[in-house]
Every structure is written in C-alpha cells, then in structure tokens.
Amino acid sequence: SSKTSYFMILLLCSGDIETLPGPNNILLGKGLRVVHQNVRGLLTNFEGLHEIIHSNKTLDIITLSETHILENGYNDINNIYDICNYSFISRNRTSGKRGGVAMYIKNNIDWIRRDDLEKDTTECIWIEILVKNAKNILLASYYRPPDRSHYLPPTFNSDLNDTIYLVVKKLKDIMILGDFNVDYSVRYVNQNFKDIISLHGFTQMIKSPTRITTESSTTIDIILSNNPSHISKSEVISTSLSDHEMVG
C-alpha cells in the first residue's frame with residue numbers, strides 16, 4: 001500500500017470517520033469516507049460501480065458483499081476489477097457459487113490486511129488503517145448468508161463473537177460493514193446476533209430500510225461502530241446497482 005498523504009493524515013487524525021451521505025453532500029465534512037454495497041455480482045454491476053466511484057472521487061473505501069466472484073473461474077482474471085487509484089482485495093466463496101466480499105481502498109491510504117482476524121468459515125475481510133500519531137482503525141466487510149441458506153455456518157455467531165472479542169481489546173476505532181441478513185427494523189429477530197453486537201459496545205448506525213421489495217422492507221445492510229461519536233453522518237444511499245441500497 002502507498003504512503004498516506006499529509007492531507008489524509010490530517011483528516012484521519014481529526015478523529016472523525018465519515019460515511020458518505022450521497023452526491024449532494026459528498027464533498028462536505030472531513031474524515032474517512034466509507035460505504036458498503038451488496039453488489040449482487042461484481043462482474044454484472046462493475047460498470048455501474050465504476051461510474052459511482054469515478055463520479056465521487058472523495059470516496060476512500062468501498063466495501064462489497066455478494067461479489068459472486070468464482071474462485072479460479074473465468075471472472076477471476078487478474079486486473080479485471082481494477083479501478084484507477086484504488087487497491088482491490090477480495091475473498092471469494094470457496095464452497096460454492098455466489099457470496100464473497102471485497103474492498104476498494106484508495107491508494108493514498110496506508111493499510112495492511114488483517115487476515116489473522118478472518119475466520120475460515122466466515123465470509124469477511126479485515127484491514128487495519130495505519131494512522132500517524134493517532135490510533136489505527138480496524139475496518140471489516142462481512143457477508144452473512146440468510147438463515148435458510150446452507151452456506152450459513154452454524155458457528156457464525158460464535159466466530160463473530162470471538163473475533164469482536166479480540167479486536168475490542170486493541171483499543172482502536174472499529175467499523176464493521178456488510179449485509180448480515182439480520183433485520184434491524186424488527187425487534188427480537190436474530191436476537192443472539194444483536195446481543196453479541198451490543199454486548200461488545202457496538203452501535204448499529206443505519207436506521208432506514210436497505211432492501212425494499214413488493215413483499216418486504218428490511219434493514220439488513222448495516223454499519224457497526226464501537227465509537228459512534230466519531231462518525232459524523234451515516235445514511236442509506238440509493239444507487240440502483242442491485243436490489244440493495246448502499247449504506248455509508
């Protein structure tokens with residue numbers, strides 16, 4: 001990864017992690033600008049995602065779920081997903097089709113991959129953003145398959161609990177983004193998962209539905225923060241990239 005510019009160091013050291021509120025406000029504020037999109041196939045929606053990133057050059061990190069990149073498949077060719085001025089990292093589902101997570105990270109951000117935090121059974125990516133003269137930031141992208149899916153590991157909650165237990169001991173700002181297929185608009189659903197999140201002192205930042213169909217309206221694409229006071233704004237952003245909205 002490339003060295004962080006002096007300008008970016010000033011932003012990161014300000015203590016704010018700003019998740020992007022949308023095109024009207026995209027150049028406002030300060031901090032690290034992060035979004036998440038369930039892309040429902042990166043190859044299919046790459047052109048649309050590329051246009052969003054190209055049009056909003058202040059985006060720092062874009063996390064993705066359901067990339068549907070086939071391990072060693074025709075759409076896993078080197079450089080096919082490259083976007084200028086960003087590093088691309090992905091973790092593909094190895095046990096079957098679909099699933100998968102990825103990140104685009106702007107080249108002026110200094111970071112390292114934290115694969116020691118990535119459980120073999122869980123579709124996730126962890127990175128650590130290196131900040132000069134301030135606390136580093138741990139950031140993750142997750143995909144949790146629906147409850148009815150045979151791809152959902154029975155140990156998902158316990159594995160997540162173990163990972164969060166490890167990272168909170170680092171005393172750093174932590175942000176976890178992803179599609180967890182846990183509806184935060186309905187109380188007492190997937191309560192074990194929600195209890196793990198609250199037990200470790202995390203706040204779920206997204207309050208509006210992120211997937212709306214003719215039959216349902218759910219808040220399943222979420223942002224978790226252990227220090228919500230450092231997030232200046234978060235909301236749902238309409239992109240039409242898939243049947244999920246972007247959150248940031």
Side-chain angles (χ1 to χ4, degrees), residues 16-22 25 34-40 63-66 98-101 117 119 121-126 138-169 172-248:
D16 289 326
I17 304 173
E18 180 170 355
T19 52
L20 264 290
N25 297 313
V34 183
V35 296
H36 176 81
Q37 174 74 58
N38 180 318
V39 74
R40 294 298 295 270
T63 71
L64 304 173
S65 57
E66 285 207 83
R98 301 183 182 276
V101 291
L117 300 174
K119 297 277 189 178
T121 57
T122 308
E123 296 176 58
C124 67
I125 290 175
W126 280 88
L138 288 168
L139 188 143
S141 177
Y142 269 79
Y143 177 62
R144 176 189 178 274
D147 292 335
R148 63 184 180 276
S149 171
H150 66 273
Y151 289 114
L152 177 62
T155 59
F156 184 92
N157 282 353
S158 60
D159 288 343
L160 180 66
N161 180 71
D162 292 345
T163 300
I164 292 179
Y165 176 77
L166 286 175
V167 296
V168 294
K169 293 198 300 182
K172 298 170 182 168
D173 282 344
I174 304 162
M175 182 184 289
I176 303 173
L177 307 94
D179 174 6
F180 285 88
N181 281 295
V182 171
D183 188 2
Y184 266 83
S185 66
V186 181
R187 297 182 67 183
Y188 309 121
V189 174
N190 294 106
Q191 195 59 45
N192 287 340
F193 174 92
K194 294 174 181 176
D195 286 345
I196 290 170
I197 300 308
S198 59
L199 174 67
H200 292 291
F202 281 76
T203 299
Q204 203 291 102
M205 306 299 298
I206 300 301
K207 308 304 179 185
S208 302
T210 63
R211 187 169 186 265
I212 301 173
T213 70
T214 55
E215 291 84 23
S216 64
S217 174
T218 55
T219 305
I220 59 177
D221 305 274
I222 61 176
I223 298 174
L224 305 170
S225 172
N226 71 330
N227 204 338
S229 64
H230 284 186
I231 297 180
S232 59
K233 185 159 187 173
S234 59
E235 66 180 34
V236 177
I237 308 160
S238 181
T239 63
S240 301
L241 273 179
S242 75
D243 57 350
H244 292 248
E245 303 291 9
M246 181 179 282
V247 295

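We're numbering straight along the sequence, starting at 1.
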Between Val182 and Lys194, is any pair of side-chain heavy atoms under 4.5 Å apart? yes
Flag, side chain of Ser158 to backbone of Thr155, donor-acceptor distance under 3.5 Å: yes
Measuring from atom CE of Met175 to atom CG of Leu138, what distance do you get when rounded to the nearest 0.5 angstrom? 11.5 Å
Holding to side-chain hydrogen bond (donor to acceptor under 3.5 Å, both in side chains), I want the full list of residues that pass it with Tyr143, two or more places apart in sequence or in another chain. none
With a 4.5 Å heavy-atom cut-off, do Ser242 and Val39 have their side chains touching? no
To the closest 0.5 Å, what do you measure between CD1 (Ile164) and CD1 (Ile196)? 7.0 Å
CA sep, side-chain torsions, deciding dist, call: His36, Ile223, side-chain contact (heavy atoms from CB on, under 4.5 Å): CA-CA 8 Å; His36 176 81; Ile223 298 174; 5.6 Å; no
Side-chain (Thr63) to main-chain (Val35) donor-acceptor, under 3.5 angstrom: yes
Distance, nearest 0.5 Å, that separates CG of Leu177 from OH of Tyr142: 11.5 Å
Within this structure, what is the OG1-CZ distance for the pair Thr122 and Phe156, rounded to the nearest 0.5 Å? 5.5 Å
Are Asn190 and Asp183 close enough that some pair of their side-chain heavy atoms sits under 4.5 Å apart? no
Using atom types as modelled and distance alone, determine if a side-chain donor or acceptor of Asn226 lies under 3.5 Å from a backbone N or O of Ile174. yes
Any side-chain heavy atom of Glu123 within less than 4.5 Å of one from Ser65? no
Answer yes or no: is there a donor N or O on one side and an acceptor on the other, between the side chain of Ser141 and the main chain of Ile125, under 3.5 Å? no
Taking Asp221 first and then Arg211, would you say they form a salt bridge - that is, a charged N and a carboxylate O separated by under 4.0 Å? no
Side chains of Ser225 and His230: do they bring a donor and an acceptor to under 3.5 Å? no
Ignoring hydrogens and geometry, is there a side-chain-to-backbone donor-acceptor pair from Thr219 to Lys207 under 3.5 Å? no
Of all heavy-atom pairs linking Val168 and Tyr165, the shortest is CG2-O, 3.3 Å
With under 30° as parallel and over 60° as perpendicular, where do the rings of Tyr184 and Phe193 fit, or are they tilted in between? perpendicular
Nearest-0.5 Å distance that lies between atom CZ in Arg144 and atom CG in Asp179: 9.5 Å
Val247 backbone acceptor or donor facing Glu245 side chain under 3.5 Å: no
Rounded to the nearest 0.5 Å, what separation is found between the OG1 atom of Thr203 and the CD1 atom of Ile222? 11.5 Å
Quick check: do Asp147 and Leu152 have side-chain heavy atoms less than 4.5 Å from each other? yes
Quick one: does Gln37's side chain have a donor or acceptor within less than 3.5 Å of a partner on His244's backbone? yes
